[in-house]
Engineer: 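I have a structure I would like to understand better, so I am pasting it below and will then ask my questions one at a time.
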Amino acid sequence: SDNKIALIPGGPHPYFAPWEQAGKDAAKDFGIAAVDFKVPAEWKLNLQTELVESLVTQGYTAFGIFPGDAVGINQTVEELTANNIPAAALAGCAQDPTKMSFCLGTDVFNSAYLGTQALIKAMGGKGKIVHLAGLLVDPNTKLRMDAVEKAVKETNGAVTIVQHITDTDAQEAADQKINALLGAQKDEIDGMVSTAYIPSVVAAKSLRNLGDKRIKLVGIDDDQIVLDGIKDGFVAGTMAQNPYGQGYVGAYVLDLIASGTCTVKADAPWIKTPQTEHFIDSGTLLISNDNVGTYKDDLKKITGEIQSTFKDKYLTCK
Amino acid sequence: MTLAVSSDSRARPSWLAEQSNLIGLAAIIVLFWVLFTSLAPGFVSSFNLFALSRSLAVDVVIGFSTMVVLATGGMNLAIGSIGVCAVMASGYMMQTLGLPIPVAMALALLLGAFLGWLNGFVIVRSGVNSFIITLASASLFLGAMLILSKAQTFNALPPEIAAFGRMRWKFISPLLFIALGLGAALVVLFRFTALGREILAAGANARAAELSGVPVGRAIIIAHTLSGALAASAGLMLVIRLGAAMPSIGQDWLLPSFLAPVLGGTLLAGGYVSVVGTILGAFLVTTIRSGLLVMQVGNFWLQLFLGLILLAAVMLDRYRGIYAERRSLGRKDAGRRASGKSA
Amino acid sequence: MRLTIEGIGKDFPGVTALDEVSFEILPGETHALMGENGAGKSTLIKIITGLYRPDRGRLLVDGKPVDFTSPRDAIAAGISAVHQERNLIPRFTVGENIMIERPPTRNGVIDFERVHAEARKFLDMIDPSIDTRTEVRHLSVAQMQIVEIAKALSLEAQVLLLDEPTASITGHEAEALFAVVRRLRAEGKAIVFVSHKLEEVMAISDRVTVLRDGRVAAAGEPIASMNRGKIVSAMIGREERVAEMGARDVDRSKVVMEAKDVTTSFGHRGVSFRLHKGEILGLYGLVGAGRTELARALIGDGKVVSGELRLNGQPVTIPDVPTAIRRHRLGYISEDRKAEGLILAHPIRSNVAITVWRRIASALGLITRSNERRLVHPLVEKLEVKTPSIEQAVGKLSGGNQQKVSIAKWLAAGVEILIIDEPTVGIDIKTKTAIHELIGEITREGLSVLLISSDMPEMITLADRILVMRDFTLAGTIENSHRYEPMSREIMGFIHAGEETSPVAAGAARA
Amino acid sequence: MSTMTRNTTFGQRFLANEWSALAIAIAIGLVTLAVLSPAFLTEFNLYVMLRSFCVVLIVAFAQMLTLAVGQMNLSVGALGGLVAIAVGGMMEKWGFPVPVAILCGLAIGAAGGLINGLLTVRTGINGFIITLATASAFTGINLGITESIPFYNLPASFVAFGTERFYALPYLLLPPVLIAIALAFFLARTVPGRQLLAVGGNPQAAELSGIPRDRVIVMAHTLSGLLAGAAAILAVAQLGSAQPTIGADWLLMSFAAPIIGGAALTGGHISVAATALAVVLIVIIQNGMVLAKVDPYWVQFLLGALILAAVGLNRLRAVRAGGA
Ligand SMILES: Nc1ncnc2c1ncn2[C@@H]1O[C@H](COP(=O)(O)OP(=O)(O)OP(=O)(O)O)[C@@H](O)[C@H]1O
Ligand SMILES: Nc1ncnc2c1ncn2[C@@H]1O[C@H](COP(=O)(O)OP(=O)(O)OP(=O)(O)O)[C@@H](O)[C@H]1O
Ligand SMILES: [Mg+2]
Ligand SMILES: [Mg+2]
């Protein structure tokens with residue numbers, strides 16, 4: 001097709017690095033004119049929307065967007081669809097009501113929930129935990145906090161949550177806060193669940209520095225430091241997401257929709273999340289010592305599955 | 001030469017000379033428009049112009065918010081926090097309380113003005129630098145907002161809001177007219193009212209102003225109140241633009257809020273503001289940013305080019321200013337100057 | 001070292017400050033540089049010290065052309081200066097300010113013991129009472145001026161340029177300065193001396209150069225060949241006019257301001273006086289006697305702690321300056337016009353109109369520039385402010401013209417009582433006369449003036465009665481007889497009650 | 001003034017110090033936290049606090065030097081980020097030995113500062129705008145090089161320096177302490193140091209006194225850049241990886257600490273000791289909030305309230321000292 005598709009993260013962040021390759025692969029595999037990875041200069045919503053707007057003027061015909069803000073992006077998406085340009089939320093969802101065609105990504109609530117459950121299991125079903133979270137003003141943070149609390153509540157008091165520490169997604173703030181936490185309470189707490197990229201990395205590193213294998217940590221994403229922590233026993237596990245798959249499948253589907261060959265099915269087996277009613281799980285899996293060598297293959301397998309069944313499950317095509 | 005009535009109008013710097021800085025800035029903007037238009041035709045597409053006018057509108061008002069406080073020689077680091085407080089308040093009033101839009105917006109503006117007044121009051125009463133007070137109050141206001149709202153977004157606002165945000169007048173967002181209207185009001189304030197003059201006098205030399213009977217404390221408080229109201233306006237414009245009231249609004253206002261007025265010639269030290277300059281300053285930055293995006297300058301390198309072009313623009317303006325000054329001097333007795341130089 | 005000024009010219013936007021100025025400064029002489037406000041004296045000094053580049057002409061040192069690109073160059077060439085503007089670092093100590101150009105170091109580290117010792121040496125030449133370890137910002141205006149002089153002396157330069165060094169110091173310190181000047185001259189140094197005080201000039205200089213409107217009106221005339229009249233007519237281009245106050249019979253039936261046993265937050269004790277309608281009440285005293293602070297307390301920029309202040313018979317408490325001006329029509333012209341009197345970056349128009357903005361505003365609260373101009377223009381004309389336009393920034397005016405603007409402001413304000421603090425510091429003879437006449441005129445029109453001045457002749461010319469202040473109390477009141485000798489003796493008697501006659505009295509008596 | 005210092009009590013002399021209110025606030029904070037939480041005074045927590053003190057302090061000094069001459073450096077963070085990834089890149093990609101990489105990093109920092117200074121002085125444009133523009137340029141280079149992906153594989157010895165400690169004292173504390181002492185000495189006792197303050201205190205006067213004003217301003221910017229570079233290198237050691245986001249949130253803190261420490265934005269007045277104490281106070285507040293398990297929604301609010309309280313205390317001190 002002659003579609004030009006842009007994949008746009010919220011800002012510069014290592015998580016999205018695989019999107020570049022995913023886009024290229026998708027363009028080659030599905031014969032799309034272009035699938036370009038375009039990064040806003042800074043992690044700011046207005047820069048993201050300005051980028052989207054300028055790409056429209058450059059003739060891009062479909063957008064895969066990680067919303068810089070789950071609510072704030074909607075107005076822009078609305079304008080896109082008004083111009084017959086489809087957009088899909090990738091990696092993270094936009095908050096309903098939204099004109100995003102669908103959301104292919106990590107269910108932040110579910111991921112945090114599963115991560116906490118994994119942590120509870122690693123702690124032997126009881127103890128005290130701390131939740132490390134990202135920007136407090138990000139609507140997703142609230143969802144993650146709720147998810148952690150839900151998982152904790154299900155233990156009927158065997159596990160208690162000591163505190164949520166937020167605004168840890170800048171390196172230095174994370175280092176300062178997490179170390180302060182360990183300094184104050186390392187003997188009291190039994191586990192930490194991190195629902196943001198940077199605190200996961202920093203917590204993994206801090207536990208290694210401390211030489212502490214008693215405190216269990218379940219993080220998110222597969223940063224090298226976290227994976228090393230898993231191999232060496234400082235980290236119990238991490239919730240892998242599937243950035244490559246999101247970019248690859250996202251581009252594939254957007255191409256179909258933008259070409260007009262397919263439309264999104266209303267009664268497809270969508271997952272309903274607190275954020276959106278049109279959610280597709282891009283694959284969340286727990287990386288632990290057992291699968292740390294092989295999880296990539298697992299993710300690839302998932303990606304292949306989603307891609308091959310997508311048309312039938314979620315789209316109506318001519 | 002002793003002043004004589006007849007010589008006054010002649011010797012008074014002409015309107016053109018007085019505005020030469022603004023004209024220079026405008027010329028540079030035109031230069032960039034020509035450049036971007038010829039290099040990237042998409043730049044003047046109606047979609048891009050609309051988008052540009054809309055982000056310009058908000059940047060201009062944010063710039064005004066800082067400008068009015070710079071006039072007093074102070075700073076307001078809390079504009080983002082005041083903005084978000086107004087945003088969340090308006091969201092709460094419209095979505096939860098179901099108040100009519102104009103009422104909610106007016107009350108939100110009042111809240112912004114009140115928070116600004118609070119800043120000004122504490123600054124004047126304590127005698128502590130506005131930088132510190134507003135640094136602390138930025139945290140306080142944002143914190144209070146988080147405590148009250150639990151960082152919940154209001155995204156079920158009346159649909160008219162979002163519709164207004166999408167509205168176009170030809171290819172320009174009506175938001176821009178609001179911003180320009182505020183600008184016009186500020187021009188009147190600083191040029192034609194005692195209050196505006198007093199604010200400037202207080203900023204230029206507080207001691208002299210005080211001894212000349214200017215109620216300096218009051219001038220500072222009013223400037224901060226105004227700054228708060230403008231910050232709230234910028235916040236509400238974003239609500240209209242985004243169709244939702246979110247707690248993350250305002251977090252990245254600080255630098256652009258300074259950039260526009262300072263580029264436009266407003267003095268950081270106080271005592272001089274340029275409303276038109278602030279608009280042009282914001283316009284220059286928006287133009288460059290949008291132009292680079294449309295020209296598809298490499299993703300990650302965009303910031304570099306933005307910085308370099310900004311540098312080039314301010315230097316161009318600077319040398320144009322020096323050149324203009326030389327010319328106006330040289331005209332007087334260029335012959336003698338030349339002979340003087342060779343001596 | 002011989003300094004030749006050859007055809008120097010300098011333009012500022014709208015003004016030619018200097019044009020074809022040529023004369024010579026010789027070693028071993030004191031060369032007076034005279035001229036009205038705005039004649040270009042300070043501009044010339046700034047050119048000689050490398051702060052400005054001349055647009056035309058050149059400077060020669062011992063016959064060789066020099067081109068100073070910065071004050072550093074001039075200092076290196078052996079030229080130092082006391083500029084008209086204050087040039088001290090407020091947060092540095094007196095000692096460090098004096099030694100700032102070449103602080104003594106040991107192994108690259110500043111040796112503060114020696115800094116203070118050296119500074120002491122130069123300060124002692126003028127005023128031993130100033131502590132070199134005090135930060136400059138705590139000093140009074142006069143003390144800062146003395147530090148400036150010591151700082152210029154510390155460079156031990158071949159050419160010393162003094163731009164109105166005596167404008168804000170008393171006769172006592174001025175005498176000490178002249179002694180130093182005489183000694184330096186004896187050592188073969190050249191001294192250039194700018195002053196508006198003719199008596200001083202006549203007393204210490206060897207030759208005099210007069211500038212008028214940026215051109216030389218008299219070049220290096222030996223002082224012996226000049227007299228007061230000649231110098232003045234060279235300066236103003238016509239005969240001197242002496243302030244003629246005329247017969248002043250003040251009606252003392254109406255008291256507009258009365259202080260009864262006032263104690264202030266600054267430490268004044270038992271201050272009692274009455275100011276009558278249309279009267280000029282002088283307040284004389286030495287530097288630091290507390291006159292300025294009394295004025296501050298009266299206008300609400302300090303507090304009256306006890307006692308009573310009555311205006312037009314009504315007891316009042318004045319919480320702040322705006323109230324003093326608006327409600328009580330009481331204004332104050334500061335002695336420090338740059339820091340407190342004027343907004344240097346703003347045009348003359350705003351500076352004059354500032355007190356009346358609210359009054360001239362239309363019903364809608366709007367003021368227009370033409371409204372302001374209509375108010376400001378006649379005043380600026382009346383005071384003969386030398387400026388290309390009333391849109392000129394006040395900071396670009398010469399010192400004298402700045403003072404005229406700050407007087408114009410209060411005339412515009414239409415106050416009933418005006419406290420004027422050192423009205424003619426740094427103001428030329430012609431303007432001074434004009435200002436004196438002006439003060440006389442406004443009091444005839446019903447304004448009452450409390451006049452603070454350290455200039456005894458001025459006091460005796462203007463005041464109807466003179467209060468003498470010593471150490472924050474009033475030492476006495478004198479009815480003005482307009483006879484200089486007995487008056488000054490009586491005033492000094494109050495100041496030095498119980499002390500031996502000091503050189504200050506002698507100096508003042510001589511003048 | 002002179003009479004005041006002569007016959008006064010120790011208490012009055014203490015209050016006359018600009019940093020005394022900060023010292024009192026810190027003492028109050030320490031006691032409160034020690035009482036509130038037994039963990040506060042443990043060796044490890046002290047170590048944690050001292051460690052988070054290091055980078056912030058140098059960043060504050062970097063800004064303090066430009067404030068000293070009445071300028072601002074909005075590019076501290078951007079330059080820091082650039083140096084951080086440069087050092088990381090040199091160690092990981094090019095395998096430079098640690099000392100060489102550090103020296104190169106410092107040189108880049110100083111060069112960035114030099115560019116800021118030269119541009120400011122040569123063009124006569126407000127340093128605020130210049131550094132705002134160069135900040136964008138520095139960040140652009142940073143992102144362009146890294147595409148926002150950090151350098152992870154740093155030499156073990158370097159990373160160890162960022163984490164090892166002697167009882168409660170982190171090794172990381174050494175450079176900031178040395179820098180603080182050197183700066184205090186530089187500003188108080190050396191000719192260039194005094195010239196820097198003189199230019200800030202009254203640029204016109206300094207120039208008339210023969211001080212090369214432009215050169216001094218360039219020097220201030222260069223030193224500022226050098227310190228930003230030093231802070232970045234410490235941050236890399238502390239974090240154990242060269243993150244492109246290092247420095248992203250330095251700006252506000254860099255101003256807050258010197259100004260809470262009494263620096264004048266107009267220049268000429270700064271205090272090394274008070275700036276350091278302001279950083280200590282901020283670190284204690286932040287540490288205390290984690291320690292006291294403050295509800296996340298209250299963190300911001302309390303931060304503002306506590307800063308305001310500290311400022312109020314200082315105001316009270318000034319009034320008292322003035323009255324004494
Ligand atoms: N920086 C400047 N910009 C514009 N005009 C200036 C500047 N400096 C001086 N002038 C003008 O140049 C002329 C000469 O001023 P200058 O200060 O040399 O006078 P002066 O003889 O020292 O007067 P005074 O006795 O009042 O000090 C004045 O008309 C003044 O307004
Ligand atoms: N020798 C001195 N040592 C220390 N402080 C002094 C000295 N002389 C004056 N001061 C202070 O400087 C200030 C000057 O006082 P003030 O200005 O009221 O005096 P004045 O009578 O108006 O003198 P003038 O205006 O002529 O300087 C006062 O605060 C005084 O305490
Ligand atoms: Mg002069
Ligand atoms: Mg006085």
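Below, chain A is the first sequence line, B the second, and so on; all start at residue 1.
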Engineer: Which distance, rounded to the nearest 0.5 Å, do you find between the CD1 of D:Ile145 and the CH2 of B:Trp301?
Structural biologist: 5.5 Å
Engineer: Under a 4.5 Å heavy-atom cutoff, which of D:Ile259, D:Leu306, D:Thr139, D:Leu252 has the most pairs with chain B?
Structural biologist: D:Ile259
Engineer: Given that the side chain runs from C-beta out, which part of B:Leu135 has a heavy atom under 4.5 Å from chain D: side chain, backbone, both or neither?
Structural biologist: side chain
Engineer: Say you draw a straight line from CG of D:Leu316 to OG of B:Ser126; how long is it, rounded to the nearest 0.5 Å?
Structural biologist: 11.5 Å
Engineer: For the CG atom of B:Leu311 and the OG1 atom of D:Thr123, what is their distance to the nearest 0.5 Å?
Structural biologist: 8.5 Å
Engineer: B:Leu306, B:Leu263, B:Val262: which one forms the most heavy-atom pairs within less than 4.5 Å of chain D?
Structural biologist: B:Val262
Engineer: Taking all non-hydrogen atoms of both residues into account, name the closest pair between B:Ser139 and D:Leu303 and its distance.
Structural biologist: OG-CD2, 3.6 Å
Engineer: Chain B contacts: which residues in residues 289-299 of chain D have a non-hydrogen atom closer than 4.5 Å to it?
Structural biologist: D:Tyr297, D:Trp298
Engineer: Rounded to the nearest 0.5 Å, what separates atom CD1 in B:Ile132 from atom CG in D:Leu308?
Structural biologist: 10.0 Å
Engineer: Which atoms of B:Ala269 come close to chain D, meaning under 4.5 Å heavy atom to heavy atom: side chain ones, backbone ones, both, or neither?
Structural biologist: neither
Engineer: Does any heavy atom of chain B fall under 4.5 Å from the side chain of D:Ser148, the backbone, both, or neither of them?
Structural biologist: both
Engineer: Under 6.0 Å from the OH atom of B:Tyr92, do we count more than 12 heavy atoms belonging to anything else shown?
Structural biologist: no
Engineer: May I ask you to list the residues in residues 126-138 of chain D that approach chain B closer than 4.5 angstrom, counting heavy atoms only, ordered by number?
Structural biologist: D:Asn126, D:Phe128, D:Ile129, D:Ile130, D:Leu132, D:Ala133, D:Thr134, D:Ser136, D:Ala137
Engineer: Say you draw a straight line from CG of B:Leu146 to CD of D:Gln300; how long is it, rounded to the nearest 0.5 Å?
Structural biologist: 6.5 Å
Engineer: Side chain from CB out, backbone as N, CA, C, O: work out which of these in D:Leu74 comes under 4.5 Å of a heavy atom of chain B, or both, or neither.
Structural biologist: side chain
Engineer: If you count heavy-atom pairs within less than 4.5 Å of chain D, which of B:Met145, B:Met75, B:Met315 leads?
Structural biologist: B:Met315
Engineer: Is B:Leu77 close to chain D through its backbone or its side chain, or both, or neither, when contacts mean heavy atoms under 4.5 Å?
Structural biologist: side chain
Engineer: Stepwise, does the side-chain contact (heavy atoms from CB on, under 4.5 Å) test hold for D:Leu251 with B:Leu255?
Structural biologist: CA-CA 10 Å; D:Leu251 189 61; B:Leu255 284 183; 4.1 Å; yes
